[in-house]
2 protein chains.
Amino acid sequence: MTQPALFPRKAPRQSRSAATVSAILEAAAHILDQRGLEGYNTNAVAARAGVSIGSLYQYFPGKDALTVTLIRRDHEALLAALAAAVERTRGARLAEGLAALARVAVDHQLDRPRLARLLDIEEDRLPISRDSHATIAAIAAQVETFLEQHLAPPDREHLTVTAADLLAIARGIIDTAAQGPIPDRHVLARRVRWALAGYLEQMNGSSPGAGRGVQPRP
Amino acid sequence: MTQPALFPRKAPRQSRSAATVSAILEAAAHILDQRGLEGYNTNAVAARAGVSIGSLYQYFPGKDALTVTLIRRDHEALLAALAAAVERTRGARLAEGLAALARVAVDHQLDRPRLARLLDIEEDRLPISRDSHATIAAIAAQVETFLEQHLAPPDREHLTVTAADLLAIARGIIDTAAQGPIPDRHVLARRVRWALAGYLEQMNGSSPGAGRGVQPRP
DNA sequence: ACCTGAACACCGTTCAAGT
DNA sequence: ACCTGAACACCGTTCAAGT
């Protein structure tokens with residue numbers, strides 16, 4: 001019943017082993033992107049990385065731990081892009097800020113669409129580990145910071161739920177759109193912006209008690 | 001490279017074999033709901049259904065075909081509930097209708113939350129087969145019908161995209177919320193309603209050329 | 001027409017032997 | 001400290017033999 005750990009087994013201590021870990025991760029991303037989940041197996045990853053299967057298991061306790069590391073790296077890239085956008089639009093109007101966030105989310109997903117989609121699928125399937133949770137929380141915190149900058153201070157509880165919903169809405173639209181033929185970034189970003197702005201506006205107007213505090217800054 | 005078919009191999013012709021198929025599907029749903037994807041394997045399904053593994057493969061060409069059948073049944077239940085709600089709210093105001101749709105979506109997901117979530121995960125992973133596509137299209141068509149009833153006629157192209165986005169938004173919020181502790185249905189439905197109404201309102205207001213036609217009925 | 005279950009294949013993982 | 005690859009275990013799938 002004890003399931004295998006989902007974090008790297010140990011950190012590499014010598015430069016050659018650091019290279020091994022890098023090669024394994026790069027091979028894993030490449031195979032996922034090129035061959036999909038069907039062709040994604042540990043033997044193929046080890047072969048492409050040019051190491052033996054034993055070496056892979058020296059650094060990763062299992063296939064899922066490898067996948068989780070790819071997911072965390074992907075999240076960290078999104079976090080960096082998001083933080084930059086939040087910083088950049090600090091003085092801007094809400095609509096402009098939301099447009100920037102929508103663009104970041106769309107660009108992130110469409111950079112390597114297949115890999116991004118498969119990592120999302122695996123993320124849904126896998127339990128969230130400790131440090132994955134930290135990165136996800138940091139992403140949500142960026143959205144909360146953005147809301148604090150562009151809205152009058154509502155109560156904390158709502159800020160958290162609101163940030164989570166905005167992220168879920170963006171992900172829902174982008175993931176669904178990305179299942180079909182590659183969509184136009186600009187059009188897709190506009191649809192995401194509509195959804196985000198609309199949610200905020202509705203929340204503001206619909207719930208007299210709860211939403212009162214969420215007002216655009218003067 | 002030719003991947004196995006994802007539809008049932010053949011229809012049962014005798015009553016005992018119909019019972020076999022039913023037992024297999026029921027066992028599959030039960031195991032998914034109780035043991036998760038980890039415990040979901042064809043040997044366990046056959047054992048719980050009380051049939052040999054060979055019988056399972058007589059009716060389903062593979063594990064994924066079994067899963068796809070569960071997904072299609074789930075979609076058909078959603079379609080029926082959605083069609084009833086669309087019919088029921090035909091004369092109602094837009095806000096009331098959206099609230100009804102949000103409730104249908106939330107109730108459907110929270111009926112058997114774990115099973116619903118795992119089927120969603122598998123649905124993302126699996127290619128959409130012919131008749132799965134038909135059911136999904138029928139669900140989207142219900143949303144389009146709803147929009148036609150409650151909004152002034154916009155152009156067709158936009159109706160399709162709008163319906164798809166509304167579904168994606170609802171799914172994004174509900175799936176994400178359902179990952180954590182079981183959320184309150186009423187609160188969750190309200191968040192979904194906000195998101196749906198907000199998207200429609202934004203689309204209406206933000207895009208002078210494209211959105212002009214989407215106006216609430218007088 | 002339907003059912004059975006041993007056998008096979010593939011792939012995740014381990015471990016004894018190396019450098 | 002790191003690497004190797006044969007061996008093992010689990011599970012999806014097939015197929016020859018039944019009723």
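Per chain, numbering begins at 1; letters A, B, ... match sequence-line order.
Considering only side-chain N and O atoms, A:Ser55 lies under 4.0 angstrom from the phosphate OP1 or OP2 of D:dT4. In this model, the phosphate group of D:dT14 is not approached by any side-chain N or O of B:Tyr57 to a distance below 4.0 Å at OP1 or OP2. Here A:Thr42 reaches the OP1 or OP2 of C:dG12: one of its side-chain N or O atoms lies under 4.0 Å away.
Distances were taken from every side-chain heavy atom of A:Ile53 (C-beta onward) to each of C:dT14, D:dT4, C:dG12; the shortest belongs to C:dT14. For B:Thr20, the listed nucleotide lying nearest its side chain is C:dC3; candidates were C:dG12, D:dC11, C:dC3. Closest approach to the A:Gln58 side chain among D:dT13, C:dG5, D:dC2 is made by D:dC2 (side chain taken as heavy atoms from C-beta onward). Distance from the side chain of B:Asn43 is smallest for D:dC11 among the nucleotides C:dT13, D:dC11, D:dC3.
Atom CZ in B:Phe60 sits about 13 Å away from atom P in D:dT13, given to the nearest Å. Between A:Glu38 atom CD and C:dC11 atom C1' there is a gap of 13 Å when expressed in whole angstrom units. Rounded to whole angstrom, the span from the OH atom of B:Tyr59 across to the C1' atom of D:dT14 amounts to 17 Å. The distance between atom CG of B:Leu56 and atom P of C:dT4, rounded to the nearest whole Å, is 11 Å. Computed from coordinates, the B:Ile24 CD1 to C:dC2 P distance equals 12 Å when rounded to whole Å.
Across all strands shown, D:dA9 forms no Watson-Crick or G-U wobble pair with both distances under 3.5 Å. With both pairing distances under 3.5 Å, C:dT4 is matched to D:dA16 as a Watson-Crick or G-U wobble pair.
In this structure a side-chain-to-backbone donor-acceptor pair under 3.5 Å is missing from B:His108 to B:His75. Side-chain N or O atoms of A:Thr89 include one that pairs as donor or acceptor with a backbone N or O of A:Ala85 at under 3.5 Å.
Remark: A:Asp107 does not engage A:Arg103 in a salt bridge, criterion side-chain N to carboxylate O under 4.0 Å.
Positionally, the nearest nucleotide of DNA chain D for A:Gly54 lies more toward the 5' end than for the other of A:Gly54 and B:Asp64.
When the options A:Thr135, A:Asp131, A:Thr67 are evaluated for a side chain to side chain donor-acceptor pair (under 3.5 Å) with A:Arg72, the one that passes is A:Asp131.
Within 4.0 Å of A:Tyr40, counting heavy atoms only, lie sugar-phosphate atoms of the nucleic acid but no base atom. Backbone-only engagement by B:Asn41 is indicated by non-hydrogen atom pairs under 4.0 Å involving sugar-phosphate atoms exclusively.
At a threshold of 4.5 Å between non-hydrogen side-chain atoms, the residues A:Tyr40 and A:Lys63 count as touching.
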